[in-house]
Structures are given as C-alpha cells and as structure tokens.
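A quick note: this is a predicted structure, and the numbers were derived from the prediction, not measured.
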Amino acid sequence: LPSEEALLCQQQQQQQAEELQALSFSHRRGLYDSQGRLMLKNLTLPELEEWCTAVGEDARRALQLWRWLYYDHNWVASLQDTVGRQNGFSQRFIDKAGGLASVDGGLLLEQVAAAKDGTTKLVFKLTEGEAAGGSVEAVLIPMLHRRGSRKHITLCVSSQLGCAMNCQFCYTGRMGLSGNLSTAQIIEQMVVACRVLAADPSAGASISNVVFMGMGEPLHNYEAVSAAVDIMCQPLGLHMSHNKVTVSTVGLVDVLERFAASSNVQLALSLHATTDEVRDWIVPVNRRHNLAALTAVLRQHYGAGNAAGRQVLVEYTMLSGVNDTLQDAQRLVQLLDGIQAKVGWARASTINYYLLCQLRAVDACHIWLRAAVHCGCQQVRRLPAACLGDPQETRQRPCPVFYQKCPLGCHLMAARQAAVDH
C-alpha cells in the first residue's frame, strides 16, 4: 500500500491538475507540448501570473519569467541559462518548473538565408502542435525611409502552415491548410529573429515593425494570434507599439468585428477586387462575406474621422485585365468612401502551374494615375505631363515627382517610380 506521504502527494497533484483545468486560458488549443508540459510562451502576462499562483508560486514570479523570456538581450532558450546570473532562477524552481512547463517555442530554426535585396528569410521546422513536421517562414525586411535616416527592420511572421482561403493568385492559399500555429510558435518566430539580429553586428537595428503577412490567414487562427499580439505589445517584454503591429486579413467579417472591437493594433485588408463577381473568383471567402458586409464593418470601426484615428491599409494585387481597369479605380474610390483607408498595390507574382496573368507594372501605374485624375485628385492634376504620358515613352525616364497622395490614399508617385525602375 502507498504510504501516507505518497497519498498526500497524489492528492496534491490531483488538486493542482484540477486547478490548472480551471484556469481562464485552459480552453485554448496547443497549450501543451508532446510531453504534457505547458508551453509558457503561449501565455500573456496576466495568464502567466495566474499559472504561477496555481502551481504554488508567488504571482511576482511571472514577471521574473517574463523578463527572462522576452526582455532585450535575454530571450533565454532554457531556464538553466539563468543560473548564476543576476535575478536568475534557483535550481529548486528550475526542477519544479521543468516537470510542469517548458519555455520551448515549438519550432526549430533550420535555415537563415540572406537575399541580395537585404531581406533575411528564417526557415523553421515545427516540432509541436497540429502542424508538427511542417516548415514555416519568417522574413526580416530592412527599410530606410529617407536618406540618412535610421534603418528600420520589419518582421513578417506566419500564423498557419498553409492557408484555407484559396486565393487564386496566392501560392500559400493554393496549398490548403495543414494546421494552425500556437501562440508560442508565433512568438518564437520573433524571439529567434531578435537573437539573429543581436548576433549580427552588421544588422544595425532591431525589429521596429511586425506584420502578420506570412503563411496563413491570421483571423482564421484568431485565439492564437490575439494572444501573440498581446505578448508582443507588452511593454515589459518585447515592447512593440500597437501602431507598429499589423494584422492582415482577407475579410472574415464575423472575426473581423471581434478583432476591431477588442484590439488596437493595425489592420490590413487584402481586397484585390471591386466587384463581388471578380472577388468571388479570386478571393473565394467573398462568397460568404461579400463586399457590402465587409465595407459595413470597416465604416463602423474605421470610419473617416473616427475618434481613435484608426486607419485600415487596403492591399490590392493588380491583375492585368482582371481588376486594373479605370472602372475598378472608380469603384474602389466609391467602396472606400467614408472609410479612413490607405491603399497599397502590388504586381502579381504568377504561379507556374496556375497561371492567371502577368502585369506590366508601368502600364498599370499609368492606368491608375489617370484614374486618380479622373476621380478628381488635384495633386495629381498638377503633376508634370511627363508623369501621365504614354507609358511606353516614359518607361526609361524617371518620374519628376517622387511622392504624392491621391484620394485613394495611395503613394502614387512612389509606386510610379517603382514601376519606371521595374
């Protein structure tokens, strides 16, 4: 028969397990690793305090953990790394926590690939969760906004392995969904990126912006993404400004309403069409959430002159002959009427086995510059005639004006210059 001491220990363990099941975050998926340990990077700071209390630790222990996990130049991969360092953990606590929890992020950095344009791709193998065994990527993108200004680095993170949205011009969308990433796996992409930059003397900057524009539809994995955003913006850890974190979506209206009502980070909308007929084809989720429903939510939360000054970035991939006509430009102005929006467009990248079309960037910018004039943009009306001339004639000539805005919110001349360079 077990001794009284062993019975008491079993009772305590059972009581602790029941308390853990009653925690406010216990409903979330992907909290535990394959060994049944709680992955602490899934938790926000209040949740970490709640967990510490449940396992018999002082709530202040949570802040100690938090700073070792996330504060500048800490980013520890193991609690053992803190032994002997100022404010490090005792061996007693490490032994206790080791059986209950893990600071592992559920993914492993496999490759760091630097490109000629200065971007750095981080390739991760997923070691835990429903997508275990797959690979996702994060990208470090250096940006220098003005000559002589300090370099900024944007981190693009993934939120899913694959994507269920099936957008017809998107390679990831054509893959289908293999699994959601956990909050820990999203956060670990940023933590590893911080380590990579810190180890590179030539980096010259830290991460100043985070965009959820990698693999996956972020709002299709809303619980994990919402917690990840909270962790990123916690001032005592990764301390990102909410103005510097952007979540992109194709427009899942029901979840978008929750996001807009509860989060103050930035929103980017992948629009890509101005009619339901075209958007039903190239962004199939539009068949469930049409343009009328989508723009209604945007007007409610991002209306022109809203008290919070919120703005939505509208992303528009231009597909030659599909969504880049003068009529599309006019409809876009009408769609965004009453919405505080900024529009950015991109040239489509074609998929070898699913060829939609190719876009000649110069011609596209020419069409939309004319559209801006047609829609009454006075700034564009005042541009030199060379800006609005025949695109074939101006292909090799630099645009005399680099930066102007139009009612679409586009940086028209920046796009025009990029087109000429292209």
* Distance-only donor-acceptor check, side chains Glu137 and Gln189, under 3.5 Å ->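 Glu137 vs Gln189: no donor-acceptor pair found between side chains.
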* Glu128 versus Ser182, side-chain donor and acceptor atoms under 3.5 Å ->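 There is no such pair (donor and acceptor under 3.5 Å, judged by atom type) between the side chains of Ser182 and Glu128.
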Short question: side chain of [X], backbone of [Y] - any donor-acceptor pair under 3.5 Å?
X      : Y      : answer
Gln168 : Asn166 : yes
Tyr316 : Asn323 : yes
Asp337 : Gln334 : no
Ser178 : Gly162 : no

* Indicate the atoms forming the closest heavy-atom contact of Arg288 with Leu252, along with that distance. =>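 Looking at all heavy atoms of both residues, the shortest contact is NH2-CD2, 4.1 Å.
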* Considering all heavy atoms of both residues, which atom of Ala59 and which atom of Glu49 are nearest to each other, and what is their separation? ->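 Smallest interatomic distance, heavy atoms only, reads O-CG, 3.8 Å.
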* Asked: Which pairs, with at least one residue in residues 114-135 and sequence neighbours excluded, count as a ring-ring contact (aromatic ring centres under 6.0 Å, His included)?
  ->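 Passing the test, one end in residues 114-135: no pairs.
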* To do: Only counting residues at least two apart or in another chain, list the ones meeting side chain to side chain donor-acceptor pair (under 3.5 Å) with Arg60.
  =>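 Applying side chain to side chain donor-acceptor pair (under 3.5 Å) to Arg60 gives Asp58.
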Name the atoms and distances for all side-chain donor-acceptor pairs under 3.5 Å in residues 223-238, with sequence neighbours left out.
from: Gln234; atom 1: OE1; to: Leu236; atom 2: N; distance (Å): 3.1

* Validation row: Ile282, Thr317 side chains within 4.5 angstrom (heavy atoms) ->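 SC-SC contact between Ile282 and Thr317 ruled out.
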* When you check the gap from the basic side-chain N to the acidic O, do Asp276 and Arg279 get nearer than 4.0 Å? ->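 Judged by the 4.0 Å cut-off on N to carboxylate O distance, Asp276 and Arg279 do not form a salt bridge.
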